[in-house]
Amino acid sequence: MSQLEIKNLHVSIDGKEILKGVDLVVEQGKVHAIMGPNGTGKSTLAYTLMGHPSYTVTEGEVNFKGQNVLELEPDERSRLGLFLAFQYPVAIPGVTVANFLRSAINARRRALNKEDKGMPIPEFRKMLKEKMDLLKMDHNFAGRYLNDGFSGGEKKRAEILQMAALKPEIAILDETDSGLDIDALRIVAEGVNALSGSELGVLVITHYQRLLNYIKPDYVHIMLDGKIVESGGPDLALHLEEQGYDWVREKYEETAEASS
Ligand code: ADP
Ligand code: MG
């Protein structure tokens, strides 16, 4: 079983430190959720894991399958078995969802074996149908132009379908910036529930408490001020729903004072 290991990760943007030592292990087959108030660095973690050039790692490591993920290009990370959402936020008129997925799959096959001729079309069609059925998606969706006039929910649907087709070992989903409506939340949650299992590990990053009413994470982590300050099981999410973040903040400030 592979796992993504984040160790003492420090990340700066324009010289300002945003992540201040994040430690986290996400195992294949488990669902982890990171929650936290706005501005605590959750998206910074997601962007850093996907290799966004604006984020400078000043300290720490991210390891996956014996490789230092931070030294890999975004497409190499994907080939290694990491799925990072928002790899294609732009509309591609003239390219259908199906064609986009087929070229993504074939690019990955070719990267593993230069001689590969690509997935035969009948095999691709069969696979796509199975995945769409699993995700309860209308087959017509595959014929639409990618992201062209897509609603928030449809963008999520395309993203989840891409995840199903590429079969990553670890998927990282940041739900914060996408203007999620309840429909989109449900699509993400149902997708994660349908696809997670022994093969797929998921890291869901969210400040939407409500997402966790639909996804049942194995582990919940709270991020405050660029660090994970509290980890627990699903009951931690319930506790947050009732109590908010103040108690974590107080506890964290007390510990910080005691150790300074
Ligand atoms: P979260 O996702 O938890 O809401 P972010 O990771 O988006 O938090 O942001 C953490 C902090 O980093 C915030 O103070 C934010 O203003 C700052 N920040 C994020 N992205 C940038 C950026 N591109 N340039 C400058 N500051 C940024
Ligand atoms: Mg965010």
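Bear in mind that the values here come from a model prediction, so they are computed numbers and not experimental data. Numbering of ligands and ligand atoms starts at 1, following listing order.
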Sub-4.0 Å heavy-atom approach of Gly36 to ligand 1: no
Tyr47 heavy atom under 4.0 Å from ligand 1: no
Those residues that, when tested against Arg110, pass salt bridge (Lys or Arg N to Asp or Glu O under 4.0 Å) (two or more places apart): none
Relative to the heavy atoms of [X], which atoms of ligand 1 are at a distance of less than 4.0 Å?
X     : answer
Thr40 : 1 (P), 3 (O), 8 (O)
Ser43 : 1 (P), 2 (O), 6 (O), 7 (O)
Asn38 : 4 (O)
Tyr55 : 20 (N)

Residues Lys155 and Glu159 bridged, charged N to O under 4.0 Å: no
Asp133 and Lys129 ion-paired at < 4.0 Å: no
Asn38 backbone or side-chain N/O/S under 2.8 Å from the Mg ion (ligand 2): no
Of the listed options [options], closest to [atom] (non-hydrogen atoms):
atom                    : options              : value
atom 8 (O) of ligand 1  : Pro37, Ser12, Gly41  : Gly41
atom 10 (C) of ligand 1 : Ile18, Ile13, Leu45  : Ile18
atom 14 (O) of ligand 1 : Lys16, Lys42, Met223 : Lys16

With a 4.5 Å limit on heavy-atom distance, are the side chains of [X] and [Y] in contact?
X      : Y      : result
Val62  : Leu70  : yes
Val26  : Ile6   : no
Ile105 : Leu166 : yes

Pairs involving residues 112-122, ordered by first then second residue, that meet side-chain hydrogen bond (donor to acceptor under 3.5 Å, both in side chains) (sequence neighbours left out): Arg109-Asp116
